[in-house]
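Here the structure comes first, spelled out in structure tokens, and everything after it is commentary.
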Amino acid sequence: MPILTVQNLADLKVTVAAGQTLLKALQAEGIDWMHACGGKGRCTTCRIIVIQGLEHFGPLTDSEKRYRSNHRLKDNERLACQCTLTDGDAAGKVPEQTKLPHMNYSS
């Protein structure tokens, strides 16, 4: 199964099951991740900045396409509540704007 490494959470490694969103995989590991809309793709607070392995993500969802066209989601960002990893590992980080105050982030 693919592994997601979150660089600014001390290189946390999370296994992402087939068909599982990144948000669900993170939550299954007990990691608190911002998702103001409840993980329904109606905001961009759960976004992750992809550092490597963007080619291993599933196709953009309709929500992600909408936010990209509105310039609210950059080319190297995905919505954790919407995206999946398909055939390889990836690394990313939590954007500065969506860091939770009670979490300890690394550089």
Side-chain angles (χ1 to χ4, degrees):
M1 284 191 278
I3 302 288
L4 171 69
T5 301
V6 184
Q7 291 182 344
N8 59 351
L9 285 176
D11 285 332
L12 171 77
K13 296 196 183 323
V14 177
T15 301
V16 183
Q20 186 180 41
T21 66
L22 269 55
L23 180 61
K24 291 289 184 193
L26 289 158
Q27 289 174 328
E29 291 294 321
I31 305 303
D32 203 3
W33 194 276
M34 175 75 79
H35 57 289
C37 73
K40 295 180 173 51
R42 295 183 183 150
C43 71
T44 59
T45 60
C46 72
R47 72 188 179 279
I48 183 169
I49 298 170
V50 181
I51 306 298
Q52 70 182 74
L54 191 58
E55 68 276 12
H56 300 301
F57 282 77
L60 290 171
T61 64
D62 288 342
S63 294
E64 290 176 307
K65 289 175 186 175
R66 183 176 63 250
Y67 287 119
R68 283 252 173 104
S69 70
N70 293 334
H71 307 289
R72 293 186 58 201
L73 196 64
K74 296 177 184 174
D75 288 344
N76 67 332
E77 296 177 331
R78 296 294 302 264
L79 297 181
C81 75
Q82 298 289 298
C83 68
T84 59
L85 283 178
T86 55
D87 60 356
D89 299 343
K93 65 181 183 176
V94 181
E96 197 64 39
Q97 305 89 334
T98 61
K99 288 182 176 177
L100 296 168
H102 65 279
M103 297 286 291
N104 292 318
Y105 296 93
S106 52
S107 312

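Residue numbers run from 1 in the order of the sequence given. Treat the numbers as computed from the prediction; the structure is a model and nothing was measured.
I51 and V94 are members of different hydrophobic clusters when ILVMFWY side chains are connected at heavy-atom separations under 4.5 Å. At a threshold of 4.5 Å between side-chain heavy atoms, the hydrophobic network of Ile, Leu, Val, Met, Phe, Trp and Tyr places M34 and L22 in one connected group. Under the 4.5 Å side-chain contact rule for hydrophobic residues, Y67 and F57 do not share a cluster. The hydrophobic cluster containing L79 does not contain L54, counting ILVMFWY residues as joined when their side-chain heavy atoms lie under 4.5 angstrom apart, directly or transitively.
Residues passing the salt bridge (charged side-chain N to carboxylate O under 4.0 Å, His left out) test with K24, sequence neighbours excluded: none. Among residues two or more places apart in sequence or in another chain, the side chain to side chain donor-acceptor pair (under 3.5 Å) test is passed with D32 by H102.
None of D87, D89, T84, T86 except one satisfies the side-chain hydrogen bond (donor to acceptor under 3.5 Å, both in side chains) rule with H56; the exception is D87. If you run side-chain hydrogen bond (donor to acceptor under 3.5 Å, both in side chains) between E64 and each of R78, Q82, R72, only R78 comes through.
In this structure, the side chains of L12 and E29 stay at 4.5 Å or more apart for every pair of heavy atoms. For the pair R68/D75, a side-chain contact is recorded, criterion being any heavy-atom separation below 4.5 Å from C-beta on. Side-chain contact check for V6 versus I31: every heavy-atom pair is 4.5 Å or farther apart. Between L9 and M103, the closest side-chain pair of non-hydrogen atoms falls below 4.5 Å. A 4.5 Å side-chain heavy-atom check between C81 and T21 finds every atom pair outside the cut-off.
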| Could you walk me through whether Q20 and M1 pass the side-chain contact (heavy atoms from CB on, under 4.5 Å) check? | CA-CA 11 Å; Q20 186 180 41; M1 284 191 278; over 6 Å; no

| said: Using side-chain contact (heavy atoms from CB on, under 4.5 Å), reason through R47 and K74 one step at a time and then give a plain yes or no. | reply: CA-CA 10 Å; R47 72 188 179 279; K74 296 177 184 174; over 6 Å; no

| task | Take L100 and W33, measure what side-chain contact (heavy atoms from CB on, under 4.5 Å) needs, and give me the verdict at the end. | result | CA-CA 7 Å; L100 296 168; W33 194 276; 5.7 Å; no

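Rounded to the nearest 0.5 Å, atoms CD (E55) and CG (L85) are 10.5 Å apart. Atom OG1 of T44 sits about 8.0 Å away from atom CD of E77, to the nearest 0.5 Å. Considering NZ of K13 and CD1 of I3, their distance stands at 8.0 Å, rounded to 0.5 Å. With values rounded to the nearest 0.5 angstrom, I48 atom CD1 is found 4.5 Å from L4 atom CG. Distance check, rounded to the nearest 0.5 Å: CD of Q27 to CG of L23 gives 4.0 Å.
Taking every heavy atom of both residues into account, H35 and G39 meet most closely at CD2-N, 3.8 Å. Nearest heavy atom pair, residue A80 against residue C46, reads CB-O, 3.2 Å. Of all non-hydrogen atoms in A90 and G53, the two that sit nearest each other are CB-O, 4.0 Å.
A donor-acceptor contact shorter than 3.5 Å is absent between the side chain of T61 and the backbone of C83. When atom types are taken as modelled, the side chain of T5 and the backbone of A91 share no donor-acceptor pair closer than 3.5 angstrom.
Counting non-hydrogen atoms of neighbouring residues, nucleotides and ligands closer than 6.0 angstrom, the CG atom of N104 reaches no more than 12 such neighbours. Residue E96 qualifies as open at atom CD: its count of foreign heavy atoms under 6.0 Å is 12 or below.
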